Every structure is written in C-alpha cells, then in structure tokens.
Amino acid sequence: METEKLTKTPSWAIQGLDQRDGTISPSEFRRYGRHLIMPEVGLAGQRRLKAAKVLVIGTGGLGSPSSTYLAAAGVGTLGLVDFDVVDESNLHRQILFSEKDVGASKALRAKERLNETNPNSKIIAYEETLTSKNALEIFRDFDVVVDGTDNFPTRYLTNDACVMLGKPNVYASIFRFEGQATVFDARFGPCYRCLYPKPPPPGLVPSCAEGGVLGVLPGLVGLIQATETIKLILGKGEPLIGRLLVYDALSMKFDELKIRKNPRCPVCGPNPQITKLIDYEAFCGVEKVPEVASVSPQVLDGEIRSGKKVLLLDVREPHEYEIVHLNDSKLIPLGQLPERVNELNTADEIVVYCHTGQRSARATSFLRGMGYKKVRNLEGGVEGWSREVDPSLPRY
Ligand SMILES: [Zn+2]
C-alpha cells in the first residue's frame with residue numbers, strides 16, 4: 001500500500017506517459033547519465049520525458065531557452081509554432097538564432113538547431129500564425145503547452161484552447177527587468193482568465209518591441225517554464241499551479257502571489273459562456289493602425305530638397321530620439337501630444353514620424369481630428385528613412 005502511494009503519479013502530472021513507448025537507446029543512456037542517477041528522474045522519468053509531447057508557442061525570447069533545454073533534457077517530441085522570420089533585433093535574447101539566420105524562418109531554423117542539440121528529439125515546426133482556426137488542431141496532439149507569446153490575443157487564445165482540451169499551460173511574460181511565470185491548469189487551479197478576466201485597454205501595456213526587454217531576462221524566465229514543464233512530465237515536486245511567480249531582476253527578488261480559480265470564469269467556471277474559440281483580436285480590441293494621409297521617405301526627401309518648408313514632428317520617446325532622429329525635427333512624445341498640441345501651428349506643413357510609422361499614424365489621426373489639415377505620416381518611420389534615403393542613420 002505504502003509503495004503504491006509513493007510511486008503513484010500525482011493528479012496534476014501528465015498522465016499516460018508510462019503506457020507509451022519511451023524506449024531509451026544505448027547512446028541515450030550515456031547522454032542522460034546525470035539524469036538517470038537522480039532518484040527523482042531515473043530510467044522511469046527519462047522514459048516519461050522521451051514519451052512526452054511538448055508544444056512551445058513562439059520561438060523568441062522565452063521559446064529559445066525553454067525549447068533548447070527541453071530538447072537537451074530528452075523531451076521526445078517538441079512542437080514549435082512561429083510564423084515570424086529572424087530579425088537582427090531578436091539576436092540579443094533569442095539564443096536559438098545567430099547572425100546568419102537573419103531573414104530565415106524562425107520555426108524552421110529553430111527545428112534545425114534543436115535537431116543538432118538532440119537528434120533523439122522529434123521536432124515539429126509549425127510555420128504559421130496560431131489562430132482560432134488551427135489552435136485546437138495543433139494543440140490536440142500535445143501533452144503540455146508552453147506559452148512564449150508576446151501579445152494578448154495569442155495568450156487568451158492559448159489559454160482558452162488549453163482549458164477546452166484539458167491541458168496544462170506553462171505561462172510566462174516578460175518586460176524590461178520583470179518576469180512572471182505560473183502553470184495554468186483549469187482542472188486543478190485557475191486559468192489565465194481567472195487571473196486576467198479582461199485584456200488591458202489596447203496600447204496601455206507596451207510590448208517588448210515598444211518598451212524593451214533586458215536580453216538576459218527571458219533566459220531565466222524561459223527556464224522556469226522548462227523546469228515546470230519537466231516537473232509536470234516527471235510528476236515530481238510542487239508545480240506552480242495557483243501560484244504566480246514574480247521576478248524582478250533589478251532587485252533580484254522573487255515574489256509569489258496566490259492566485260485562485262474564479263468561480264465565474266467565463267471559460268473554466270462551472271457555467272462557461274465561452275465554449276468555443278472566439279475572435280481574439282476583436283476581444284483584445286487590437287487597434288488597426290488608422291488610415292491616414294502619408295508620405296514615403298523618398299517623396300518627402302524630394303520635397304525637402306526642392307525647398308518646401310516642412311515641420312518634422314518626432315513622436316517617439318526622448319531615449320529613442322537620442323539613438324537617431326531626422327535633422328531639424330521637433331520632439332513631442334505621443335503621450336504628451338494632447339497637452340502640447342498648441343506648440344504646433346495649424347498653418348504649417350507637418351510630417352509626423354516615429355520608429356516604424358504606427359505611433360505616428362495615431363498622432364497624425366489625432367492631429368487631423370484637432371484641425372491640422374496639412375499633416376501627413378512618414379511611411380516606415382525613421383527606420384524607413386534610413387532604408388530608403390539615408391543609410392548612415394542607425395536602425396534599432
Ligand atoms: Zn478560468
């Protein structure tokens with residue numbers, strides 16, 4: 001009786017792994033030797049890892065370290081979902097990729113890298129955007145989902161699909177110096193919607209692309225996800241279910257918040273209103289960038305060269321202005337524009353720019369609404385200007 005109690009897999013652990021084929025080859029015995037001699041892993045645990053199927057959403061800052069370590073640890077099947085291509089600005093944290101990968105498909109490149117890390121793992125690349133149409137189909141074959149996404153619609157989508165399929169969702173988020181991690185499993189604890197019933201107003205919470213992230217931060221947080229995933233597979237220890245781990249790299253402190261199941265949760269409560277996947281972009285109120293009058297860098301360059309008087313308005317933040325700005329431009333960060341709009345003259349020809357043209361499109365739309373008729377948006381922002389007109393300007 002006592003032995004049975006000791007060896008019984010906890011209810012929150014991934015079930016059925018012992019019944020699958022997790023055969024370990026002689027070379028794998030050598031590879032996993034330091035696991036095999038741990039009583040908490042041993043041969044049974046290593047076979048469970050081999051039999052397990054883990055889906056990693058996003059191969060970026062979080063997905064890079066988590067998938068690398070999960071493959072190295074011997075997870076038998078790893079799915080990777082990413083529609084994106086590698087950008088130079090990814091390389092300071094997305095350690096799956098190197099200089100030569102810029103422009104390549106992230107999912108495919110990650111698959112190649114992980115095959116090198118551990119040829120015993122089967123890597124399945126989904127080179128597509130996760131949507132309400134494909135999520136259930138992709139998730140179905142996996143035991144656990146690791147959420148490495150960077151936007152609210154995909155987070156809610158991942159959560160709802162996991163709740164509907166009864167799968168654990170190993171969650172994390174990162175911003176600047178801060179990270180959060182938990183395990184959502186609606187069968188045993190809260191889900192993402194229990195914690196955040198409503199998405200924040202669009203534009204209020206900046207993404208890493210807008211607000212930045214310390215390069216090393218996702219390394220640590222992604223490995224918390226990998227660790228929790230391995231615990232779910234082994235059925236060892238105490239999972240982060242019902243606990244939100246909050247990490248602050250500046251003070252180097254970890255805090256833990258208790259999170260509870262919301263009995264009125266619209267997806268995991270006893271009377272769910274959401275029983276199939278919805279339109280998550282609409283739910284999160286993702287704003288389409290407004291259609292505004294615009295000008296291309298080349299046309300604007302021609303206008304300036306021909307002597308046309310144009311006021312260049314930069315609506316980025318001061319530290320971005322310091323990195324690079326156009327000559328003779330005036331800086332008013334987008335957030336200050338409503339209170340400082342009287343610094344602009346409605347009679348002036350104004351061209352608004354930002355980093356890539358989205359904040360400036362909002363500023364252009366705002367200024368038009370305030371009666372500025374001669375205002376246009378610079379297509380592609382200072383980035384586009386550097387690409388098309390003046391390559392000596394640094395891009396970031
Ligand atoms: Zn819930």
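Remember, it's 1-based here, ligands and their atoms both numbered in the order they're listed. Since the structure is predicted, the reported quantities are computational estimates derived from the model, not experimental observations.
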Given Lys106, Gln94, Arg109, the one that forms side-chain hydrogen bond (donor to acceptor under 3.5 Å, both in side chains) with Asp101: Arg109
Does the ring center of Tyr192 lie less than 6.0 Å from the ring center of Tyr196? yes
If the threshold is 4.0 Å, N to carboxylate O, is there a salt bridge linking Arg48 and Asp18? yes
Taking atom types as modelled and ignoring hydrogens, do the side chains of Ser66 and Gln225 form a donor-acceptor contact shorter than 3.5 angstrom? no
Distance filter under 2.8 Å, centred on the Zn ion (ligand 1) - protein N, O or S atoms that pass it: Cys191 SG, Cys194 SG, Cys265 SG, Cys268 SG
Could you pull out all residues at least two apart from Phe29 that satisfy ring pair (Phe, Tyr, Trp, His ring centres under 6.0 Å)? none
With a 6.0 Å cut-off on the ring centroids, do Tyr280 and Tyr156 count as close? no
